[in-house]
Each structure stands twice: as structure tokens, then as C-alpha cells.
S.K.: 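Right, I'll just put the structure down here and ask away after.
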Number of protein chains: 4
Amino acid sequence: MSYNTFGHLFRVTTWGESHGPAIGCVVDGCPPRIAVTEAEIQFYLDKRRPGTSRFTTQRKEPDKVRILSGVFEDPDTGEQVTTGTPIAMIIDNVDQRTKDYSDIKDKFRPGHADFTYQAKYGIRDYRGGGRPSARETATRVAAGAIARKIIPGVTIRAALIQVGTLRIDRDRWDWAEVDRNPFYCPDAETAKAWASHVDEVRKQGSSLGGVVEVVASGVPAGLGAPVYGKLDEELAHAMMGINAVKGVEIGAGFKAAELTGEENADEIRMSDKGPVFLTNNAGGILGGISSGQDIVVRFAVKPTSSILTPRRTIDRFGNETEISTRGRHDPCVGIRAVPIGEAMMAIVLADHYLRHRGQVGVRPGE
Amino acid sequence: MSYNTFGHLFRVTTWGESHGPAIGCVVDGCPPRIAVTEAEIQFYLDKRRPGTSRFTTQRKEPDKVRILSGVFEDPDTGEQVTTGTPIAMIIDNVDQRTKDYSDIKDKFRPGHADFTYQAKYGIRDYRGGGRPSARETATRVAAGAIARKIIPGVTIRAALIQVGTLRIDRDRWDWAEVDRNPFYCPDAETAKAWASHVDEVRKQGSSLGGVVEVVASGVPAGLGAPVYGKLDEELAHAMMGINAVKGVEIGAGFKAAELTGEENADEIRMSDKGPVFLTNNAGGILGGISSGQDIVVRFAVKPTSSILTPRRTIDRFGNETEISTRGRHDPCVGIRAVPIGEAMMAIVLADHYLRHRGQVGVRPGE
Amino acid sequence: MSYNTFGHLFRVTTWGESHGPAIGCVVDGCPPRIAVTEAEIQFYLDKRRPGTSRFTTQRKEPDKVRILSGVFEDPDTGEQVTTGTPIAMIIDNVDQRTKDYSDIKDKFRPGHADFTYQAKYGIRDYRGGGRPSARETATRVAAGAIARKIIPGVTIRAALIQVGTLRIDRDRWDWAEVDRNPFYCPDAETAKAWASHVDEVRKQGSSLGGVVEVVASGVPAGLGAPVYGKLDEELAHAMMGINAVKGVEIGAGFKAAELTGEENADEIRMSDKGPVFLTNNAGGILGGISSGQDIVVRFAVKPTSSILTPRRTIDRFGNETEISTRGRHDPCVGIRAVPIGEAMMAIVLADHYLRHRGQVGVRPGE
Amino acid sequence: MSYNTFGHLFRVTTWGESHGPAIGCVVDGCPPRIAVTEAEIQFYLDKRRPGTSRFTTQRKEPDKVRILSGVFEDPDTGEQVTTGTPIAMIIDNVDQRTKDYSDIKDKFRPGHADFTYQAKYGIRDYRGGGRPSARETATRVAAGAIARKIIPGVTIRAALIQVGTLRIDRDRWDWAEVDRNPFYCPDAETAKAWASHVDEVRKQGSSLGGVVEVVASGVPAGLGAPVYGKLDEELAHAMMGINAVKGVEIGAGFKAAELTGEENADEIRMSDKGPVFLTNNAGGILGGISSGQDIVVRFAVKPTSSILTPRRTIDRFGNETEISTRGRHDPCVGIRAVPIGEAMMAIVLADHYLRHRGQVGVRPGE
């Protein structure tokens with residue numbers, strides 16, 4: 001959780017700029033003898049990949065991942081497995097269009113990190129957004145694909161539940177729908193409404209925000225740590241760090257502020273399979289530690305800052321000017337944030353699983 | 001950000017249980033030659049202290065802080081200053097009522113961390129909540145009092161802006177009001193409405209949630225770091241880690257999801273004092289780095305889980321039972337979360353100020 | 001391993017100055033349900049305590065430890081055990097003689113940290129050495145006493161093997177001797193020679209260096225990590241950080257530079273109990289990972305810098321002057337470094353045990 | 001300092017195996033606007049590169065480094081400079097001879113990490129040593145080349161001062177000699193003696209150890225930190241972590257144990273340029289903090305474990321067998337450890353420079 005590294009025992013270090021030769025990451029601390037292939041990782045990268053529908057940016061990036069270290073053929077099974085040493089992955093930047101950067105070279109695009117990177121470092125790679133470009137998130141998805149393999153029995157899924165002011169109907173929630181529409185929307189009807197709305201906004205060169213919900217099922221009780229390594233605060237850290245995210249909530253979230261103590265308390269009963277909670281306002285986390293219920297996190301994504309309408313700004317010399325974004329952009333970056341949210345959930349859980357195993361024993365409850 | 005330590009260069013390690021002999025913290029990495037006295041720290045502790053009004057728990061804790069190390073008399077000025085070595089602070093637990101814990105010793109109180117601590121560690125200090133008790137936050141406030149002294153020219157203030165479903169009227173926001181009512185409410189009229197509402201709820205033995213807003217003004221542009229050490233994600237981490245917090249948002253927050261790109265973009269103009277942003281949907285942070293605008297963070301606090309109404313639960317042997325909380329409790333923990341939110345803001349900013357100075361130079365912009 | 005914290009999963013944060021009100025430490029990340037009492041910790045503190053023989057400083061410190069958090073009565077066994085939350089320990093400073101510090105207040109004692117603390121921080125607590133005083137090591141010993149309980153089956157022992165130019169005869173090594181003489185010397189005859197030599201040096205107000213050897217037996221193969229978390233480099237870190245230490249070696253150490261490849265290779269055979277190495281030039285560590293052999297570390301302690309003979313120096317105003325140390329001091333700090341070396345070995349091994357368990361599984365080999 | 005990452009603010013994460021497609025590193029936390037070119041980095045890599053004389057392994061690796069991120073053209077000067085974001089560097093493995101690994105696939109080579117990696121991870125990349133191969137150190141040298149640019153006015157040099165039992169004559173020390181012979185030997189006459197001795201040993205298929213001395217001049221007083229972030233303990237960590245190193249000492253090192261307090265004390269006088277120490281037994285570090293004197297570190301390198309003479313060992317199935325190393329190897333790895341020692345010194349100092357700047361201000365003394 002420092003500079004470009006995320007995690008404590010399952011550690012992900014990412015590098016690369018939007019228009020440099022490549023981007024990549026190093027996954028350190030991964031347990032050994034976990035079967036992993038480039039194809040499996042590619043599966044998740046393809047979900048995040050731009051240009052798969054008219055609702056995402058038309059940048060053409062194959063996002064082909066290569067593993068450069070940390071895996072080896074198991075001499076007994078012949079399978080390719082992790083060795084416990086750092087797993088370096090690289091994704092070449094292919095579609096770095098030769099273009100004229102003269103417009104954005106010195107101007108600060110409102111809503112982008114241009115101004116603050118310049119203020120901090122006195123220099124920035126302005127091509128395509130440089131380091132703070134959402135392109136970096138491809139490497140998170142690659143790391144997340146490995147993280148998913150750490151905890152047995154966990155399912156991590158995410159969905160887009162709001163685009164602009166249009167919310168899904170939670171009664172129509174169907175996880176199967178998520179893979180059937182280009183919005184990762186769990187509600188088929190709402191997906192249709194979004195399609196026409198996003199199309200309209202896209203044509204205007206404007207953009208929309210959204211809300212993503214990430215759910216992890218099958219997480220054992222006991223993951224997390226008191227006080228500053230809480231599961232919920234590290235999930236908040238992880239999700240707030242995704243590009244364009246402005247809010248994160250767990251379980252009942254901001255709605256919890258409106259409940260009474262009686263309403264909010266998740267009562268507990270026994271079942272054949274052990275304790276069950278009658279509600280899940282807690283979002284699966286109590287005192288920073290998982291309770292065995294579904295972990296439920298939502299995050300709000302602001303509208304893409306790259307829009308056609310000119311906005312007033314200044315340049316790095318202090319001159320007032322204005323700017324608009326030409327060319328490719330995502331009308332709603334919330335869409336592509338869905339697989340990224342899943343990846344960050346997987347990374348946080350994997351890290352906490354290893355940390356728990358380190359402090360307490362082989363697995364929660366043992 | 002690991003177990004019981006928060007921060008990278010300005011590091012706070014806290015320890016202690018609600019009903020042990022004492023609680024405390026160690027502040028490590030503090031710059032040397034910063035004047036600091038116990039009285040200054042006590043000022044902030046007194047704001048968080050329980051029992052100051054009928055709207056907070058009646059536990060009587062003087063919360064008297066003592067500094068045990070890391071300060072020394074400046075041989076030139078005679079002032080007591082930091083030496084650059086760890087500052088240990090201790091607060092004795094005074095009001096550990098001898099009481100009968102037989103009711104909560106084995107039962108899991110819904111909404112509390114009883115169940116998850118037991119699941120994780122196989123043991124827990126059940127007296128008064130043990131480690132996850134909000135009592136730990138006193139030590140954060142002590143550390144925050146020192147953190148406030150790190151960055152010159154910064155003002156950190158917080159206010160309670162919602163209790164249950166009752167929101168303040170932002171047009172009536174007056175910072176001066178915050179210290180005039182027992183709710184840290186910036187809107188005098190709303191404070192009155194809260195008083196009668198909280199009284200009623202308190203008499204019923206029920207509880208209410210709330211929303212706190214923390215604002216830091218005068219923060220220089222350039223604090224933060226790309227990708228995993230972003231200022232916003234570490235603020236999210238910090239705030240979500242406060243007891244009972246279920247949601248965190250920056251700037252426009254969840255509302256940002258409903259804005260268009262045109263509405264959300266904070267345009268920039270030049271003024272005599274340098275760049276000014278015409279709006280602050282970003283909450284003072286772009287690409288994870290401060291822009292020089294006010295840093296604005298809000299967090300939602302769930303209603304206190306300790307209520308008089310019996311709730312269904314189980315005990316650690318797997319028996320179904322029910323439990324209600326007798327005795328002292330906070331009808332709305334959101335109130336006392338206000339100074340804690342300020343403290344966490346101060347700690348995050350101090351840490352980032354030192355980290356920036358380490359990587360880039362003496363201060364942002366140089 | 002940053003500022004005043006040591007370790008990754010088993011983390012020790014220490015605080016306190018030689019002549020402040022107290023010193024202490026916080027042990028974080030300790031596994032839960034480990035039985036621990038103040039008496040057990042006191043046992044090790046008593047070994048390091050000053051004033052136990054005429055060969056150590058006559059400062060009278062009872063070094064009485066109190067545990068302030070992180071332990072609780074096991075409801076099933078009634079034993080006091082760790083809860084998994086931070087264990088705070090405190091040791092009051094008792095013998096802070098009221099004395100006249102005017103001589104050392106502004107002068108830099110050669111060999112001490114006076115000059116460098118002043119250079120770094122612009123201020124220092126000059127009373128009795130302040131933070132860099134060896135007094136801090138009492139807290140390491142307290143933490144080490146807990147660390148010893150983490151790995152089942154490990155024995156950690158240390159001995160003083162050289163005082164000035166007088167080395168032990170390794171053929172007479174007898175661990176039982178270590179507790180029979182005031183030097184922790186494993187060779188009874190050499191201990192006698194040291195007694196008269198140290199007495200003589202002590203009367204002259206001079207001082208002597210020494211070499212300590214620390215041996216950990218029963219450490220399972222597999223502890224350590226590749227490249228920057230190697231077991232040997234973290235042991236080097238730990239031992240070099242003990243006050244006055246100027247050199248650290250593992251196994252054959254500097255002698256290894258004089259061996260041929262044939263001589264140095266520790267050949268391996270099978271025994272009933274598994275692999276056995278025919279020699280131990282490696283000191284139990286290969287590629288940064290434990291091999292199951294004894295871990296053997298030696299470190300050199302410089303002579304105490306506090307001596308009666310005046311030495312030339314300067315004061316903080318840049319004036320040339322001279323200084324000698326009056327009063328209490330250790331004629332050979334190497335003696336009291338023995339229990340500290342054991343403590344640091346215990347802390348490093350405990351940390352690596354938990355880290356291994358985190359990454360790979362319940363215990364080495366599983 | 002965890003797994004494959006070294007450093008706190010100047011952080012180096014390395015990855016890659018000896019015979020995988022490539023090795024590389026990510027340098028994170030580097031200050032912005034530091035001019036850096038691949039050619040400058042290549043200069044240091046060429047010093048470490050194998051096959052440059054008959055005294056090092058004949059593996060042919062061009063060790064050509066490419067920078068993939070974190071640098072950009074300064075819009076004002078046109079120079080390529082760091083941007084403050086992570087600098088990824090990659091070095092392709094070229095000379096991965098297709099060879100028959102059947103001999104080492106299952107056998108544990110004595111002195112190598114084969115046994116312990118297998119014990120820890122249950123799997124290992126056996127080709128050419130895998131992760132623990134000295135090949136990893138090329139990436140340290142690349143990172144070190146950048147680290148050298150952080151502190152103005154510092155010179156970092158290293159020399160081989162002992163091969164087997166043959167020591168240099170320190171009275172003949174001439175830094176200019178170091179670049180004139182293939183041993184980095186500062187004593188021309190001793191270099192000749194080494195040449196014939198190493199030749200002889202090489203022809204026998206045997207190997208020799210050595211001792212390297214690293215000296216940093218011009219380091220400002222004040223770098224380091226109390227207690228667990230001491231400069232000397234982090235140097236010990238850094239040097240002990242270099243492959244085959246078995247001992248590290250600072251200043252007088254193990255000799256300090258034989259000195260009296262009077263001999264060991266480095267007296268201080270004033271000069272035109274400020275304080276001067278009359279001797280340097282401390283090796284430039286007091287209380288873990290630099291004093292402004294030369295930082296002097298020595299480390300012992302064991303003889304290469306790869307030798308022609310068969311050694312007894314076991315295989316991973318527990319069968320007794322023997323093994324000898326055919327083909328290329330370094331007769332004295334101490335030679336190529338010289339630039340690696342320089343690199344690690346540079347990395348530690350850069351990290352501490354930034355950490356000091358973070359805590360205390362722009363530079364030591366300010």
C-alpha cells in the first residue's frame with residue numbers, strides 16, 4: 001500500500017504508462033504450486049479490454065499478457081504452477097496512435113490528473129494520460145486473476161447497478177444476466193434502458209458515471225485484522241484507488257446512517273451448516289473481520305472526464321485557456337470498472353487469507 | 001497499514017483494550033523540534049471524551065494523556081519539543097466498572113465484533129468490547145493532535161451533517177456553530193431537531209446512525225502518490241477503519257455517479273493567488289494527488305449496536321439465544337466520531353506530507 | 001524494519017529513552033492462544049539486567065515488566081493467553097539518578113551517538129544516552145521472550161566467545177557452563193581468565209569488546225524468503241542493530257572466504273530422521289532459507305565508549321574540548337549482549353515462521 | 001525488505017529466474033526530474049557482466065537493459081528524466097543454453113539453494129539455479145545505477161581485498177588500480193598474485209572465496225534512523241543478501257572486539273570544513289546514523305559452490321548420490337560481487353536520503 005505496490009503478503013507492484021512500450025506487474029508472495037496459465041489470466045483481461053462494444057473506448061488493445069517469471073512445470077504433474085517466487089507479467093501497448101499531443105502537452109484537462117501530477121512532480125508523461133491512465137488497471141486484472149486462485153471455494157462477482165441516474169431493480173437481479181449484456185448489468189430490462197441512454201450520451205460526446213457492486217461469496221469467517229488492517233478499510237482502500245472512483249460503501253453503506261439500531265442489527269441463528277445471519281447490513285464484515293456472510297462492496301464511478309464540450313482550464317505556464325477531448329473515450333468508465341472491482345476484491349481477500357494463515361494457522365477456524 | 005499500525009512515514013501504532021489497565025499509542029517518524037505539550041493533546045481528547053453531554057455514553061473517563069517518550073526540552077528555547085524518536089502516549093482506563101460479564105462472555109452481540117473475533121482468534125477479551133471497542137479511538141485522537149502540527153497552514157475541521165434521516169441544511173452551514181452544540185452540528189436549527197430526536201431514541205434504548213464530513217483547508221497541491229498510495233484511497237482506508245463506519249466518499253461522492261461529464265468537471269481559472277477551481281466535485285483530489293482545493297471527505301456511521309431491545313443471536317457453543325445491552329451506551333456514535341474523523345485526516349495528511357517531502361523535496365511545489 | 005519497528009508479521013515496536021519515565025514495546029501480530037506470563041518474560045529480562053555482577057554497570061534497575069494489553073484469561077483453561085491483539089509491555093525507569101548533565105549536555109562523546117543524533121535531529125535527549133542507550137534493548141528482550149513461544153521445538157542459546165583478544169577454546173564448549181559464570185561463557189577456564197582481565201580493565205576505567213555466538217537448534221527447513229527477505233540478511237539486520245555491534249557473520253563467516261569450494265560444501269547424507277549435513281559452514285542457511293541445521297550467527301561488539309580516560313572531542317557549538325565518562329558503565333557490553341542476541345534471533349525466527357506459514361501453509365514441509 | 005522488494009522510499013522490486021525469458025526490476029519512489037539514460041545504467045551492468053575475463057564464468061550474456069516506464073522527455077530541456085512513477089527495467093536472458101538438466105533436476109547441489117527451495121516451496125526452477133541464481137544481481141546493479149544519482153556529491157567505490165587467503169597490502173591501496181585489473185583489486189601487486197592463483201584453481205575446477213570492501217565518500221552526516229532503521233543494520237541486510245555472502249562488518253568490524261575503549265574511540269577535532277574524526281573505527285556510522293566520515297563496509301564471499309569435484313548429496317526422493325558441476329562457473333564469485341556491493345550501498349544510501357528528507361527536511365543539517 002505504498003506508491004505502486006498493493007498488499008502485504010500477496011503483493012502486487014504495477015508499472016507502466018498508457019503510451020509507453022508496455023505495462024506490467026509483479027505479483028510477489030504468491031503461494032507455490034498453484035496451477036496458473038496465461039490463458040486463464042487472459043480470460044479476465046478480455047473482460048476489461050477496450051473496444052469490445054460500442055459502449056467502451058475504441059482504442060484497440062489486444063491486451064495480450066505474457067508471464068516472464070515465477071512459474072515452472074511441476075515435475076510430477078507436468079502442469080505449469082507457481083514456484084513461490086515473483087510472477088512478472090507484461091502487456092505490450094499496441095495501439096499508441098501517433099498523434100499530435102500539442103493540445104494536451106501543456107494544458108490541464110479538468111477532472112484528469114494533469115494538474116496534480118505537474119504540481120507534484122514538475123513533469124508528466126502527457127501521452128494518453130500517462131501513469132494515471134486507466135490502462136494501468138489491466139495489470140490489476142492480471143494480478144487479480146492469480147489472486148482468485150488463492151482461497152478455495154470463494155466466488156467473486158461484480159455488476160454495474162447504476163448508470164447516471166438509472167438504477168437497476170434489485171428484485172430482477174440475475175447473475176446470469178451479467179455476462180449477457182455489454183454493461184455487466186444483472187437486470188436485463190435496465191440494461192436495455194442503459195443501451196439507449198449511453199448511446200445518446202456517447203453521440204453527444206458527453207459521459208456518465210455509475211455504481212458497481214462487488215460480491216464475494218464463500219469467504220470464510222475470520223479474515224481481517226483489528227484496527228488498521230481491517231478487511232473493510234482495505235477494501236475501501238482498494239476500491240477508492242480504482243480510477244474515477246469517488247465513494248465506497250460496505251453492506252448497507254450510507255443507508256446504514258438512516259437505520260435504527262434494531263433495524264441494523266443482523267440477527268444470528270443456527271443452521272445445519274453453522275451460524276447464519278438473518279440480514280446482511282454488515283456486508284459480511286464485523287469489527288473489520290469477515291463473518292462468513294457475503295462480502296458486499298459498492299463503489300461510485302464519476303463520469304469520464306474526457307468529453308467533447310470545451311471546458312475552461314489553464315496551462316502549465318498559468319495561462320487561461322480551454323480544452324475538449326477529441327477522439328476515443330469511454331462514455332461510461334463504470335462499465336470497464338466491473339472486472340477491475342472483482343480483481344481488487346480478489347487481491348484484498350488473497351492477501352488477508354495469507355495474513356490470517358500466517359498469524360493464526362492454516363485456515364480460518366483451524 | 002498493517003495490523004495495529006497506520007501510516008508509512010508518520011506511523012501510529014495503537015494498543016489496548018476497553019477494560020484493560022490502559023490504552024496507548026506510539027507515534028513514530030514525527031519530525032524533530034516540533035513543540036508539543038500534553039495540554040494541546042488533551043484539548044482534542046476532551047472533544048472525544050465520553051460523558052460530556054446526555055447524548056453520549058455516561059462512562060466516566062477522564063482520558064488523561066501522558067507522554068512517556070520522544071519529547072525533550074529544547075536547550076535553546078526551553079520549550080518541550082519532539083526529538084524525532086518515538087512518542088509513546090498512555091491513557092489509563094479509569095471507569096472499568098466491576099460488573100457481571102456473564103451475559104456477554106459467551107454470547108455474540110449482533111452488530112458487534114464478538115462473533116468475528118471469536119471466529120478469527122478463538123478467544124476474545126469480552127469486557128466492554130475489548131480491542132474493537134471505540135475506546136481505541138482515543139489514542140487516534142492523541143496521535144492526530146501531533147499530526148496536526150506537521151503541515152504548516154492547514155486547518156482540519158469536521159461536522160456531523162446527518163443523524164438518522166435528519167440532514168442539515170447546507171445553506172445554513174456555519175463552522176462557528178460546530179462548537180456551540182453537543183452534536184458538532186454546523187447548522188444551529190438542525191441541532192435543535194436532533195436534540196429532541198436523539199433524546200427520544202435514547203429513552204427508548206435505541207440508537208441512530210449519522211454522517212460526518214471532514215474538511216481540510218490549506219493543503220498544498222501535490223500530496224499523494226500514484227496508484228496504490230493515492231491520497232483518496234488512504235483517506236478511504238482511514239475513515240472506513242473508524243468504528244461503525246460503513247461508507248466513505250470524497251467530494252461529490254456517490255452523487256458523482258449521477259452527474260454528466262460536463263457537470264462534474266471542475267473548471268480551472270487563474271487568480272492572484274494561483275490556480276482556482278470553479279467547483280470542487282473532486283473533493284480536492286485528482287488522480288490521487290491533492291489539487292490545493294479543500295479536501296472533503298464524508299463517512300456514514302451505522303447506529304450503535306448496543307440497544308435495549310433484545311436481539312436474537314447465538315453463543316460460542318452454538319446455542320441459539322438472545323441478548324440486549326444494559327447500561328451505558330452512545331445513542332448516536334456519529335457524534336463522537338467527529339473528532340476522530342479530524343484525527344484520521346490529520347494523520348493521513350501528515351504522512352503524505354512527509355512522503356512527498358521524501359520523494360520530491362522540501363515541500364510541494366519546490 | 002522501519003524506524004522503531006522490527007519485523008513483518010511478528011512486529012516489535014519499541015519506544016523510550018534511558019532517563020525518561022519508562023521504556024516499552026508493542027508486540028503486534030502474535031498468534032492467539034499462546035500462554036504467556038509476566039514471570040516468564042521477567043526471567044529473560046533478569047538475564048540482561050544491569051548490576052548482577054561486578055562485570056556489568058552498577059545502575060540499579062529492577063527492570064520489572066508489566067503487560068498492559070493483548071492477553072486474557074482463556075475461558076476454558078483459566079490460563080493467561082495472547083488474544084492476537086497488540087501486546088503492550090512497559091518497564092519503568094527507576095534509577096534515573098539526579099545528576100549534573102552539564103558536562104555531556106553540549107559535548108559529543110566519541111563513539112557515542114551524540115554527534116550524529118545532533119546532526120540528524122538538531123536536538124537530543126542527552127540524559128544517559130537518550131534513545132540510542134542500550135537501555136532500549138530491555139524491550140527487545142521482553143519481546144523476544146514472547147517470540148520464543150511461537151515456533152515449537154526450537155532452542156535458542158547464546159554465549160560470549162571472545163573478550164578483547166581472549167577467545168574461548170571451542171573444544172571445551174559446554175552449554176551448561178553458560179549459566180554458571182557471569183560472562184555467559186561456555187568454557188569454564190576461559191571464564192576465569194576473563195574475570196581477572198575484565199577486573200583489571202574495569203579498575204583502569206577502560207573497556208573491552210567481545211564476540212557473541214547465537215545458535216538456534218530445531219529450526220525447521222524452509223524458513224526464509226528469496227532475495228530481500230532472506231533469513232540470513234534479516235539476522236544480519238537484527239544483530240547489526242544491537243548497540244555497539246560492528247560485524248555479523250553466519251556459519252563459517254569471514255573464514256568462508258579462505259576455504260576452497262570443496263572444503264566449504266556441506267555434503268548431505270540420509271539418516272533415520274531425514275537429511276543430515278556432514279558439516280555446517282552454511283550456518284544453517286542456504287539461499288536465504290533455513291536447511292534444518294543449527295542456525296549459527298556471531299557478532300562483534302566494540303568496547304564500551306564510556307571510559308575514564310579523557311578523549312578529544314568538540315561541543316555542539318563547534319568548540320574543541322575533551323571528555324571522560326564518570327560513574328557507572330559496563331566494562332564489556334558484550335556480556336549483556338548475550339541475552340539480546342538470543343532475543344533478536346527469536347524475533348527473526350518467529351517472524352519468518354509466520355511469514356512462511358502465510359505463504360506456504362501451516363508449517364514448513366506441509 | 002520483504003520478499004523481493006528492498007527499501008522503504010527508494011524501493012527496488014526484482015523478478016526473474018536465471019533461465020527464464022528475462023529478468024528485471026521495478027524502481028519505485030525515485031525522485032522526479034533526475035536525468036537517466038539506458039547507457040548510464042549499461043555502464044554499471046557491463047562491470048558485473050559475466051565473461052569479460054577468464055576469471056569469471058564464460059556464460060555469454062550481453063545484459064542489455066531496456067527501460068520500459070517511468071522516464072520521459074523533459075519538455076524544457078529535452079533530456080530524458082525520471083517522472084516520479086515506477087521505472088521498470090528488463091534484461092533479456094540470451095545465453096540459456098539448451099542443455100540436459102537431468103543431472104540437477106532432482107539432486108541437491110551442496111552449497112546451493114536447491115535443498116532449501118525444495119523444502120520451502122515443494123518445487124523449484126532448477127535451470128541454472130532459478131531464482132537464487134546470481135543472475136538476479138544484474139537487476140540490482142541496474143537499480144543501483146539510478147540510486148547513485150539521488151544524493152549529490154557522494155562517491156561509491158568498491159574493491160576486492162582478499163581472494164582465498166591472499167590479502168592485499170592496504171599500504172599499496174590505489175583506487176585507480178581497481179579499473180586496471182580484472183579483479184577490481186586496489187593493489188597492483190596482489191592482483192598479479194591472484195591471477196596466477198585463480199588460474200590454477202580454475203583449471204582444477206575448484207573455487208575460492210573473497211572479501212569485498214565498499215566505501216562511500218561524501219555522505220552527509222545525519223542519514224539513518226534509530227533502532228531498527230539504522231544505516232548500519234540496513235547495510236548489513238543489503239550486503240548479507242548478496243549471493244554467497246557469509247559475513248558483513250562496518251569500520252573496524254570484528255577487529256573492534258579486540259580494541260580497548262581508548263583505541264576504538266574516534267576522537268573529533270574542528271577543521272575549516274567542520275568536524276573531523278581522527279580515526280574511522282566507526283566506519284562512518286554512530287548510533288545507526290552517518291557521521292559524515294567515509295562509510296566503510298566489508299563482506300565475505302564464500303567460494304563458488306559449483307565445482308568439478310564430486311560431492312556427496314541426496315536427491316529429492318531421499319536417495320543418497322553425488323554431484324559435480326560441469327560447464328561454466330565463476331572460480332571466484334567475489335570478483336563480480338564488487339559492482340553488486342556498490343549497487344547495494346547506493347540503494348541503501350538513496351533510500352535513507354529520501355527517508356531523512358521526509359522526516360527532517362530537505363537535506364541533512366537543514
Side-chain angles (χ1 to χ4, degrees), chain C residues 1-4 6 8 110-111 113 116 119-120 131-132 165 206-207 209-211 221-222 225-230 232-233 236-237 240-241 246-250 253-254 256-258 260-262 264-268 270 275 286-287 289 291 300 302-304 307 309 311-314 318 320, chain D residues 1-4 6 8 110-111 113 116 119-120 131-132 165 206-207 209-211 221-222 225-230 232-233 236-237 240-241 246-250 253-254 256-262 264-268 270 275 286-287 289 291 300 302-304 307 309 311-314 320:
Chain C
M1 325 293 240
S2 174
Y3 296 113
N4 298 279
F6 189 88
H8 293 86
T116 52
K120 184 175 189 72
R131 178 71 181 146
T165 55
S206 183
S207 63
V211 175
V227 183
Y228 302 113
K230 287 178 177 174
D232 39 5
E233 66 192 324
H237 188 132
M240 190 66 93
K246 300 304 287 182
V248 180
E249 57 182 19
I250 311 276
F254 276 86
E258 303 183 4
T260 63
E262 288 75 13
N264 185 63
D266 299 318
E267 295 182 298
I268 320 176
M270 286 304 293
L286 286 165
I289 298 171
S291 66
K302 71 179 184 183
T304 320
I307 49 176
T309 310
R311 296 280 91 186
R312 288 174 289 174
T313 189
I314 60 171
E320 295 193 339
Chain D
M1 323 295 237
S2 174
Y3 295 113
N4 298 279
F6 189 88
H8 292 85
T116 53
K120 183 175 189 74
R131 179 70 181 148
T165 56
S206 183
S207 63
V211 175
V227 184
Y228 303 112
K230 288 179 177 173
D232 41 3
E233 66 193 322
H237 188 131
M240 191 66 93
K246 299 304 288 182
V248 180
E249 57 181 19
I250 312 276
F254 276 86
E258 303 184 3
L259 302 177
T260 64
E262 289 76 13
N264 185 64
D266 299 318
E267 295 182 298
I268 321 177
M270 285 305 293
L286 286 166
I289 298 172
S291 66
K302 70 178 185 183
T304 321
I307 48 176
T309 311
R311 297 279 90 188
R312 288 174 290 173
T313 190
I314 59 171
E320 297 193 338

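All values below come from the heavy atoms of this structure, side chains included, with hydrogens, waters and symmetry mates left out. Numbered from 1 within each chain, the chains take letters A, B, ... in sequence-line order.
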S.K.: When you compare the side chain of D:Ser207 with that of C:Thr260, does any pair of heavy atoms fall below 4.5 Å?
M.R.: no

S.K.: Quick one: does C:Arg311's side chain have a donor or acceptor within less than 3.5 Å of a partner on D:Ala265's backbone?
M.R.: no

S.K.: So, does C:Lys120 use its side chain to make a donor-acceptor pair with the main chain of D:Gly222 at under 3.5 Å?
M.R.: yes

S.K.: To the nearest 0.5 angstrom, please state how far the CG atom of D:Leu259 sits from the NZ atom of C:Lys246.
M.R.: 11.0 Å

S.K.: At a heavy-atom distance under 4.5 Å, which candidate from D:Thr165, D:Asp232, D:Val211, D:Ile289 has the highest pair count against chain C?
M.R.: D:Ile289

S.K.: Taking the side chain as everything from C-beta on, heavy atoms only, tell me whether C:Ile268 gets closer than 4.5 Å to D:Arg312.
M.R.: no

S.K.: Please identify, among C:Ala225, C:Gly241, C:Gly287, the residue contributing the most non-hydrogen atom pairs under 4.5 Å to chain D.
M.R.: C:Gly241

S.K.: By a 4.5 Å heavy-atom criterion (distance strictly below it), what part of C:Ile307 contacts chain D: side chain, backbone, both, or neither?
M.R.: side chain

S.K.: Between D:Glu267 and C:Thr313, does the side-chain hydrogen bond (donor to acceptor under 3.5 Å, both in side chains) criterion hold? Intermediate values first, please.
M.R.: CA-CA 6 Å; D:Glu267 295 182 298; C:Thr313 189; over 6 Å; no

S.K.: Of all of C:Ala300, C:Pro132, C:Gly111, C:Ala257, which one pairs up most often with chain D through heavy atoms under 4.5 Å apart?
M.R.: C:Ala257

S.K.: Is C:Asp266 in contact with chain D via its backbone, its side chain, both, or neither, using a 4.5 Å heavy-atom distance?
M.R.: backbone

S.K.: Check for a donor-acceptor pair, side chain of D:His8 on one end and backbone N or O of C:Tyr3 on the other, with a separation under 3.5 Å.
M.R.: no

S.K.: Can you tell me which of C:Pro110, C:Gly209, C:Pro226 forms the most heavy-atom pairs within a distance under 4.5 Å of chain D?
M.R.: C:Pro226

S.K.: Heavy-atom distances under 4.5 Å only: say whether D:Thr304 touches chain C with side chain, backbone, both or neither.
M.R.: backbone

S.K.: Check whether any side-chain heavy atom of D:Met240 lies under 4.5 Å from a side-chain heavy atom of C:Lys230, and answer yes or no.
M.R.: no

S.K.: Hey, is the main chain of D:Met270 close enough, under 3.5 Å, to the side chain of C:Glu320 for a donor-acceptor pair?
M.R.: yes

S.K.: How long is the gap from OH on C:Tyr228 to NE2 on D:His237, to the nearest 0.5 Å?
M.R.: 9.5 Å

S.K.: Is D:Pro303 close to C:Asn264 at the side-chain level, that is, under 4.5 Å between some pair of heavy atoms?
M.R.: yes

S.K.: Quick one about D:Glu262 and C:Thr309 (side-chain donor to acceptor, distance below 3.5 Å, no hydrogens or angles considered), yes or no?
M.R.: yes

